Amino acid sequence: GMLDICVLNNMGKMKFLYSMPNILKGRHNKSYPMTTFRASNITIESPDPVKAVCDGETVDGPAPFRITVAEEKIIVKTK
């Protein structure tokens with residue numbers, strides 16, 4: 001019921017590309033200029049268009065936009 005949010009702060013394109021595999025695999029450390037937190041929803045505001053990755057999907061467009069946790073659930077049955 002919570003979003004894991006990672007905000008990359010002032011990171012150039014080359015450092016972003018170099019760092020992303022480790023960040024996605026959870027192998028990042030405090031040397032990366034980022035902030036992490038958890039929330040049930042988030043609103044992103046910016047004077048410029050925003051690019052984000054939400055649940056593996058790229059989202060981009062004019063701000064503000066709001067991301068919330070869906071109430072629906074997927075039931076997985078195993079043998």
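Computed from a predicted structure; not experimentally measured. The first residue in the sequence is number 1, and the count goes up from there.
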Any residue meeting side-chain contact (heavy atoms from CB on, under 4.5 Å) with V50, in chain and number order, not counting sequence neighbours: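 By the side-chain contact (heavy atoms from CB on, under 4.5 Å) rule, V50 matches I44, S46, A63, F65.
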
Which residues share a side-chain contact (heavy atoms from CB on, under 4.5 Å) with P47, sequence neighbours left out: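 P47 satisfies side-chain contact (heavy atoms from CB on, under 4.5 Å) with no residue once adjacent residues are dropped.
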
Crowding at CE, M14 (>12 non-hydrogen neighbours, <6.0 Å):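 No, CE of M14 has 12 or fewer neighbouring heavy atoms, counting only those of other groups under 6.0 Å.
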
Residues forming a salt bridge (Lys or Arg N to Asp or Glu O under 4.0 Å) with R66, sequence neighbours excluded: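 If we apply the salt bridge (Lys or Arg N to Asp or Glu O under 4.0 Å) test to R66, skipping adjacent residues, there are no hits.
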
Any side-chain heavy-atom pair of L3 and V69 under 4.5 Å: yes

Separation of I67 CD1 from I5 CD1 (nearest 0.5 Å):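 It comes to 7.5 Å.
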
